[in-house]
Every structure is written in C-alpha cells, then in structure tokens.
Amino acid sequence: MGAGASEHRNVQPPRNAASTPAKKDAPAEHRVQVAAARLRVTLDERLGRLTPPQTKALAKEPT
C-alpha cells in the first residue's frame, strides 16, 4: 500500500438524489416497516421473547 492510499480509505462519495428514496416511495417503505414489525411480534411471541413497545405500536398500524 502506498503512502497516499491510506489517506482516502475512509472517504465516502457524496450522496446524490438517486441514493435517497423519493417521496413517492415513502408509503411503500412504511408498509415494509409495518410488515417487518408484524413479523417480529409474531416471532417474539413464538420464541417467548419481549417485543419493544415501539415495535408493537408499529405492528398495529394499518398498511
């Protein structure tokens, strides 16, 4: 590794509009989060684990 190679190891490229979700994708992303919360609640119940209150609240939201 050269002397200049380690200088740029932790540099990340700038974020652009293509890398962030658009406003129209927000409802779809929320539906995914609600579905994931429902799965977590079900799995936690089956495994006898506690589910965080915020996850339970999210799971109760309509899709």
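In this chain, residues are counted from 1 in sequence order.
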Visitor: Who passes salt bridge (charged side-chain N to carboxylate O under 4.0 Å, His left out) against R49, sequence neighbours left out?
Guide: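 Result, salt bridge (charged side-chain N to carboxylate O under 4.0 Å, His left out) vs R49: D44.
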Visitor: Look at atom CG of L47 and say whether more than 12 heavy atoms of other residues, nucleotides or ligands are closer to it than 6.0 Å.
Guide: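 Count over threshold, so yes.
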Visitor: Please list, one pair per line, the donor and acceptor atoms closer than 3.5 Å that link side chains of residues 53-63 to other protein atoms, with sequence neighbours excluded.
Guide:
from : atom 1 : to  : atom 2 : distance (Å)
E61  : OE1    : H30 : NE2    : 2.7

